[in-house]
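Worksheet: one structure, shown below.
Per chain, numbering begins at 1; letters A, B, ... match sequence-line order. Just so you know, these numbers use all the heavy atoms, side chains as well, and skip hydrogens, waters and symmetry mates.
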Amino acid sequence: MSTNSESFLTKYIFSTDHKVIGKQFIWLGIFFLFFGGYLSLLMRWQLAYPEQAVPWWLSWGIFFKDAGGIIDPDTYNQLFTMHGTIMIFWAVTPILIGGFGNYVIPLQIGAPDMAFPRLNMISFWTWILSSVVLLASYLLPQGPAAGGWTSYPPLSSPMGGIPGEGQTLWTLALVLMGTGSIMGAINYIITVVRMRAPGMTYFRMPLTVWGLWLTSIMNAVFVPVIAAGLILLLLDRVLGTEFFVAGGLASGPGGDPLLYQHVFWIFGHPEVYILILPVWGIVSDLLAVFSRKPAFGYKVTAICMSTICVLSSIVWGHHMYTTGMSPLLGKAFMFLTLLISIPSSIFFLNWLATLWKGNLHFEPPMIYTMGVVWVFAIGGLTGLYNATVTSDIYLHDTMFVVGHFHFTLAATLVLGLFAAIHYWFPKMFGREINRTMANIHFWVTFVSMNFVFFNMMVLGYAGHHRRLYNPMEFDFLKPLLGLNEWITWFAIINGVIQLLFIFNFVWSMFKGKVAERNPWGASTLEWTLDAPLPHGNFAQTPTVYSRPHEYSHPSLTDTDWVPQSEPIPGTA
Amino acid sequence: MERQSKLSSIPRVDSFTSHLGLVVMLGGMAMFFITLFVSQSILENRFGVSYMPGGGSTFLFHSSMNTVVLIVASLLLEMGWKKLCKDDSNSAILYQGSTLFASVVFLVSQVGLWNRMISAGFLPSTDLMGAFFYAFTGLHGLHIVGAVGTLGWLFWKMHTIEESELLIRWTVNARMFVHFLTVVWLFIFVRLFVMV
Amino acid sequence: MKQYFSKINQVITKAVWGIWFLDPPKDVSLDGYRIDNTIQYTDTVITFYFSVVVLALVYFVFKYRSRPGHNAQYDRGDSKKNLIATVAMGLLVFFSIDVVIEAMSFKDLKEAFWKFPKGSDVVRIEVMPQQYAWNVRYPGPDGEFATEDDIVPPLNLMHIPVNKPVVIQIAPWDVIHSFYLPNFRVKVDATPGMINAMWFQATETGEFEIACAELCGNSHYRMKGYLTVESESDYNAWLTSLADEDDEWDEWDEWDEDPLEEVTIPEDWGWPWKEIR
């Protein structure tokens, strides 16, 4: 496409090119990843050294000055609320779905761009607007939201006792972000359905595209549900309605806090699968690339991922076992939740089988990928405790759940996005990312994450419940202070090593060795193009002849790969 | 024309793809509406429908009139589209202009209805019925504002652009959007005004 | 039999996870061991499967690492044999963990947690959590709630007799709270507009803590209650002494801050006992 009338504004700021928008999302996400991570370190300090001043290297001499450097209970509640909200919606979603979704989907299916480039651009700027609204809540005199990322009413209603309007801005920011999400979802769904290159059938798409496509379908279906719930909550906050207020705080009958929980979790459970599906897809692909053999049971993996999507929409009650729901309902949710084990185990085994009898190359993307396999195994297996009603009665709302979801969300997703960044870096920026720094970063991150989140599960099993400003108020938690301290220090180490990543990322962008066109020998379509990739991607629409991972095919003699756009010698 | 070349520098997909995109959007909107509708059903079931002030009749008349206006708007848009398909762009512009006008009348009349409700002391904070009333009508109204904007933009394009294929595609999309809003309004109307 | 099962699980889990394994708070309830068993069984089987995965990964890393002369073996894994093998292994995992813990859970729920005790021996208590304290109410000599002779102890105090089933009905005053007894392995949410019920039975006397397990505001972290389990005679004596006194707040001296000046809970906050099927 001709770009003769492009200004700086339309090329870099209001670009409609999916590659530029993808990178914009990644930058946005990385900013919030660090922001949210910083919030978690403040929380961890308070847990390890309750009511002691935050050290200078954590407060930077700026924060908590009035209180003598000590975090107070209101602030602490704000910390875990914003940490959760930011990490889920403003860090991981933009990087994996907005960033890599945008960048990779058209390239991997052989399309010139997304179906709706202008909608794409609007989606990014809607996200920026939502970020501004969210961060604006920090400027309020009473600070940002403090009702937990789940924001259960009546606590999150005006009568719940949280001071200030931070909660209102939070709700508004989420509604705006949801709108951006839906826009992106429409784009991805239609692009995959309508713009695949000739020969690119559904079962020749890389599993990354499968993951991102399934995520988008779930986004389009479920984000409107949470939008509805949040708008009702917003009306409760702003217009004096009482949709979710009952009991002593309500002025009359008519509200039900439990309704909010249902609406929230009908979205909330699919949401966690929305977050993880891209990583499942990316890991499936990367294991194939770096084992130099096809993704084992590719079709079965795609079908398992789809099945999990369907199942995930009917299991939301497992977040609500202690709310007093009818026994029959509890049993039904338990049964359905446990069913998800089957497709999950199957595609996990396919991952292992991909490695089996392979030719394993431990480049940076591969080590992160194998890290994902490890942490996802733990995360997935520990979900079983929470799926079962009886063990959940004890473990619900304890640090065990926190450990479980940090394994499946924080560890899996973060290692996954690091794998994605290292893998596509040569294509995005034309240079190689430094291998030594990547290795160090991986091992320190991996070890510290495992330590931190595993010990959270230990704490939870010992009875440590959640969202506590100072656990030492309780005698039965007093012995756990030592472990909290250990966790904090490993969390701090984890935080510090991310600086190495950022340095590597930025430095390699400018000073890294210029990369060849296909440093990994991958066969998907994006690797047939030279960086920097032009508008419209492919000079000529490619024709696809084969599945995405035909590595080490017996007909291949001098190399072990051939791009999808060329026929395998000896076959049609 | 200058404007036209700037438009076409961004590659366009074919009409079917464009319509499919709109259908997905409407699907999302349907999920949004269904959530609200089911929530209302659940809460109303449990707590009982309260009495709308001033009796059902005065407001029923006003809201019925609004409903008729919206249905007429949809019909006019439908007729306009048919004219456009037959390449009769002059009639089409006339019909589309009328649709735009009717939609604005709907909005104004809805605001009038709100005014009357508020004077009667029926506020969002009054009770559950009030809360859902303003929630449904307000959100629907916001989407109608979007429709008005779209129709206005389309009206302007009808005057400035020649490519009938593009115009037909946009009209079809606008038409689906407006009809969807009309159908949603019928649900809201029956639920809020008739079934009290 | 159950005790051996539990012991074996504990030994294996401790052996594998070692010093890190911290015990949950002492279980003094009649049915808490069921939850502990389910958790421990899950621990053991998960440990086994995770070890298999780790061993596989380590083995693969060494055996299949890239080196001169080593090639990958092309296998799409889409043959019928492969499909059957993976599905079979998936089902094996499902049946060895999921189905077992589900069966254990169903059984425990049916035999214990959802089988509310009936009869005159049952102690009935109404609990109403608020920001940030626990209100407790006993039915008093007439055995009915929401009557004149209900006994309301000072804030955050609850006494129960040992070896007697206790049924709690809970409804909060303001926001969502959750009644959590770490030493009894029970937890039930208190949602405004709902009255939830839960039962348990103590097997030992002692003083135990009550915690709030659902974020309820800035003092959620110190919403602490004290549960005293004592002999039946001591319990009855305590109740009698309370019935004779007015509500006194200065008996409670560990609450070191002015509680609830602004929030006035009406004196008659109780509700008639909801029938449990």
Side-chain angles (χ1 to χ4, degrees), chain A residues 73-74 77 148 152 154-155 160-161 246-249 256-258 291-294 296-297 299-300 322-324 327 338 341-342 345-346 349 352-353 355 357-361 377 381 384-385 388-391 393-394 396-397 458 461-463 465 467-470 473-476 552-554, chain C residues 20 22 24-25 35 38-39 42 46 50 53 56 60 64-66 70-74 76-78 82-83 86-87 89-90 93-94 97-98 101-102 105 108-109 114 131 172-176 178 180 182 185 187-189 191-194 196 209 211 213-218 220-222 224:
Chain A
D74 288 285
N77 285 14
Y152 282 178
L155 179 65
L249 293 176
D256 187 4
L258 209 60
S291 308
R292 311 314 291 164
K293 59 192 277 273
F296 196 90
K299 207 163 181 180
V300 169
T322 54
T323 57
L338 289 173
S341 297
I342 306 182
S345 316
I346 294 177
L349 286 166
L352 293 180
L355 294 168
K357 296 203 181 145
N359 185 5
L360 310 185
H361 295 258
L381 287 171
L384 292 170
Y385 296 88
T388 318
V389 178
T390 42
S391 42
I393 292 178
Y394 178 60
H396 174 69
D397 247 291
V458 174
Y461 183 54
H465 47 299
R467 294 165 166 173
L468 298 180
Y469 167 70
N470 186 352
E473 288 283 332
F474 286 90
D475 290 331
F476 77 98
S552 307
H553 194 282
Chain C
W20 263 276
L22 294 176
I35 293 181
T38 309
I39 294 180
T42 319
I46 282 182
F50 185 63
V53 170
F60 292 163
Y64 301 118
R65 70 190 189 284
S66 172
H70 175 79
N71 287 317
Q73 195 177 78
Y74 178 84
R76 276 194 189 157
D78 55 5
N82 293 132
L83 180 63
T86 36
V87 170
M89 285 195 267
V93 170
F94 180 70
I97 318 184
D98 298 59
I101 57 181
E102 193 173 345
S105 194
D108 290 338
L109 289 170
W114 285 334
Q131 286 169 324
W173 173 248
D174 37 31
V175 298
I176 302 178
S178 188
Y180 171 40
R185 309 289 188 264
K187 189 179 286 137
V188 66
D189 282 4
T191 307
M194 285 173 75
N196 281 337
E209 288 170 307
E214 185 62 57
L215 177 69
C216 53
N218 60 10
H220 159 72
Y221 72 100
R222 54 190 182 114
K224 186 160 68 161

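- Using a 4.5 Å cut-off between heavy atoms, A:Val389 touches chain C through backbone and side chain atoms alike.
- Looking at heavy atoms from C-beta onward, A:Pro154 lies in side-chain contact with C:Val175 at the 4.5 angstrom threshold.
- Taking both residues in full, the closest heavy atoms of A:Gly148 and C:Leu215 are given as N-CD2, 3.7 Å, listed atom of the first, atom of the second, then distance.
- Within the 4.5 Å cutoff, the side chain of C:Asn71 has no heavy atoms near those of the A:Ser552 side chain.
- The candidate with the highest count of non-hydrogen atom pairs below 4.5 Å against chain C, out of A:Ser341, A:Gly160, A:Gly358, is A:Gly358.
- In plain terms, the two heavy atoms of C:Ile97 and A:Leu381 that are nearest each other are CD1-CD2, 4.4 Å.
- Side-chain contact between C:Arg185 and A:Ile393 is absent, with no heavy-atom pair separated by less than 4.5 Å.
- Looking only at side-chain heavy atoms (C-beta outward), A:Ser345 and C:Phe94 stay at 4.5 Å or farther from each other.
- Annotation: the span from A:Tyr469 atom OH to C:His220 atom NE2 amounts to 14.5 Å, rounded to 0.5 Å.
- A donor-acceptor contact closer than 3.5 angstrom is absent between the side chains of C:Asn218 and A:Asn77.
- In this structure C:Asp78 satisfies the side chain to side chain donor-acceptor pair (under 3.5 Å) test with no other residue, sequence neighbours excluded.
- Residues C:Asn82 and A:Phe296 are in side-chain contact: their nearest non-hydrogen atoms beyond the backbone lie under 4.5 Å apart.
- With rounding to the nearest 0.5 Å, the separation of CZ in C:Arg76 from NZ in A:Lys299 is 10.5 Å.
- For a residue to count as touching a neighbouring chain, one of its non-hydrogen atoms must lie under 4.5 Å from one of that chain's; by this rule C:Thr38 touches chain A with the side chain only.
- Atom CD1 of C:Ile46 sits about 4.0 Å away from atom OH of A:Tyr385, to the nearest 0.5 Å.
- Taking each heavy atom of A:Tyr461 and C:Ile39 in turn, the nearest pair found is CE1-CG2, 3.5 Å.
- Of the two parts of A:Tyr152, only the side chain, counted from C-beta on, holds a non-hydrogen atom closer than 4.5 Å to a non-hydrogen atom of chain C.
- Heavy-atom pairs under 4.5 Å with chain C were tallied for A:Leu360, A:Leu258, A:Asn470; the largest tally goes to A:Leu360.
- When all heavy atoms of A:Thr323 and C:Asn196 are compared, the closest pair comes out as O-ND2, 3.0 Å.
- Listed options A:Val300, A:Asp256, A:Leu384 were ranked by heavy-atom pairs under 4.5 angstrom with chain C; first place goes to A:Leu384.
- Between atom CH2 of residue C:Trp173 and atom CG of residue A:Leu249 there is a gap of 8.0 Å, rounded to the nearest 0.5 Å.
- The closest side-chain heavy-atom distance from C:Ile176 to A:Leu155 is not below 4.5 Å.
- Heavy-atom minimum distance, A:Glu473 versus C:Lys224: O-NZ, 2.6 Å.
- For the pair C:Tyr180 and A:Asp397, the minimum side-chain heavy-atom distance is 4.5 Å or more.
- Atoms OG1 and CG, on A:Thr388 and C:Leu109 in that order, are 10.0 Å from each other to the nearest 0.5 Å.
- In this structure, C:Pro24 and A:Tyr394 have side chains that are in contact, with non-hydrogen atoms separated by less than 4.5 Å.
- Here the OH-NZ distance, from C:Tyr64 to A:Lys293, works out to 8.5 Å after rounding to the nearest 0.5 Å.
- Listed options C:His70, C:Met89, C:Met194, C:Glu209 were ranked by heavy-atom pairs under 4.5 angstrom with chain A; first place goes to C:Glu209.
- The greatest number of non-hydrogen atom pairs below 4.5 Å with chain A, out of C:Ser66, C:Gly90, C:Gly77, is found for C:Ser66.
- Only the side chain of C:Val93 comes within less than 4.5 Å of a heavy atom of chain A; its backbone N, CA, C and O stay farther away.
- Annotation for C:Val53 and A:Ala377: closest pair CG1-CB, 4.5 Å, computed over non-hydrogen atoms.
- Interface check for chain A: of the options C:Pro172, C:Gly193, C:Ser105, the most heavy-atom pairs under 4.5 Å are formed by C:Ser105.
- Every side-chain contact (heavy atoms from CB on, under 4.5 Å) that C:Ser178 has, sequence neighbours left out, goes to C:Lys187, C:Asp189, C:Ala213, C:Glu214.
- With a 4.5 Å cut-off on non-hydrogen atoms, A:Lys357 touches chain C through its backbone and its side chain both.
- Proximity to chain A involves both the backbone and the side chain of C:Thr86, based on heavy atoms less than 4.5 angstrom apart.
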